[in-house]
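One structure is given here, and the rest of the page talks about it.
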Amino acid sequence: MISVSEAISYKFATGPDLYALCQQAASARDNAWGTQLTFSKKVFIPLTNMCRDSCGYCTFVQSPDSIHSNYMTPEQVLKTAHEGAALDCKEALFSLGERPEERHQKARDLLAALGYDSTLDYLYDQCESVLTHTTLLPHVNAGALSFDELKRLKPVAASMGMMLENVSNELLKKGQAHYACPDKTPKRRLDTIEQAGRLDIAFTTGILIGIGESWEERVLSLIAIRDRHLAYGHVQEVIIQNFRAKAGTAMEGCQEPDLDDMKRTIAVARLILPDDISIQAPPNLEVEYGSYINAGINDWGGISPLTKDFINPERAWPQISSVAQACEGLGYSLAERLTIYDRFQHQEHKYLTPNLTQRVASLMSRAAQASRQLQGDIA
């Protein structure tokens, strides 16, 4: 692992210097993860698109005044999950706005009509329903949560996640990306990551680049993740995600990170973070996503054959076969993984509660079979 000062020194790496940095990161990836890249075959379940935060780049969240603001019904959740299972998906990604009922009367009314007064209570029951009625494994992205909230959700989620995004308090100021977002304070985000560690929850986090942070703040964000993983060993993957400007948002005119900036950040992340943390970058947010391979990623995250990326709906998922071909062209194979990484699956119920262990074992064999078929199709 490189030091903070060394990581900061790569701020302006370009041309041959950037190439050398990426080579170093790719070598570290090969040594730790071999020549197989992975992805999770998922279905996206956007449980509610209302939120008490108002991030300057977000189009997922809908105002209560919008006819599109809603909660999915239990029937809609199961319909989506069953359709995903029929396509051999193995992950049900529950993504939702944070605590909308604490800000919006419409959210309270919709929850009451469903028989609830808390979004997290409703989330728990929908995860349990997916576990009971389908073969999928829930992965929960519910934002910043307390120790007790994480503990309650653990039995119905094989893994959980929350983007740190950045540790910069500057982003909370008026006119910045996280202004008026009570759940986006660095302290609150970091506390969630730490509490997940205390509870032995296999956790996904990451940084969002290009939202007004400095290079130094990116590095410090990665260091903050590293420190918590070194304390608890629970961070399974870190996402390096590039900001994409969206029409109708406060940041629609802001400059997006270019490909070199993504490669530079991915490479430094690989060198800063411990080898056992997976480095992921979304393939639907960059046309030349294959370039990420030589920068040091080993995972593509969740890819859905059914549902769009509701966070970035204008960016379609690439075909899984196309991702496999991009890997093959650079000497790597592509394989399916589950939402909880292999190394967390066999630790005597430390990360998985007993009710999830058998489900994971069954899906592992199916993922391995699907991987063999995928590699056979490419060959």
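Count residues from 1 along the sequence.
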*Using the test ring-ring contact (aromatic ring centres under 6.0 Å, His included), find all partners of F60 that sit at least two apart in sequence or belong to another chain.*
none
_Side-chain H-bond candidate by donor/acceptor type, R108 with Q105, under 3.5 Å_ = yes
*Parallel, tilted or perpendicular for H234 and F203, by the 30°/60° rule?*
tilted
*Non-hydrogen atoms of I240 and M262 that approach each other most closely*: O-CE, 3.3 Å
*Does L190 belong to the same Ile/Leu/Val/Met/Phe/Trp/Tyr cluster as I223, with side-chain heavy atoms less than 4.5 Å apart forming each link?*
yes
Indicate every side-chain donor-acceptor pair of residues 79-87 with a distance under 3.5 Å to a residue at least two apart or in another chain.
residue : atom : partner : partner atom : Å
K79     : NZ   : E83     : OE2          : 2.6
T80     : OG1  : Q76     : O            : 3.0

*Heavy atoms, side chains only, cut-off 4.5 Å: are T307 and S304 in contact?*
yes
*asked:* I want to know whether Y10 and W215 have ring centres closer than 6.0 Å.
replied: no
*Find out whether C22 and N294 are in side-chain contact, i.e. whether some heavy atom of one side chain is under 4.5 Å from a heavy atom of the other.*
no
*asked:* Under 6.0 Å from the ring centre and within 45 degrees of the ring axis: does the NZ or CZ of R198 meet both conditions for the six-membered ring of Y232?
replied: no
*asked:* Quick test of your reading: applying side-chain hydrogen bond (donor to acceptor under 3.5 Å, both in side chains), list the pairs with at least one residue in residues 250-260, sequence neighbours left out, ordered by first then second residue.
replied: R244-E256
*Does K90 come within less than 4.0 Å of D88, counting only side-chain N to carboxylate O?*
yes
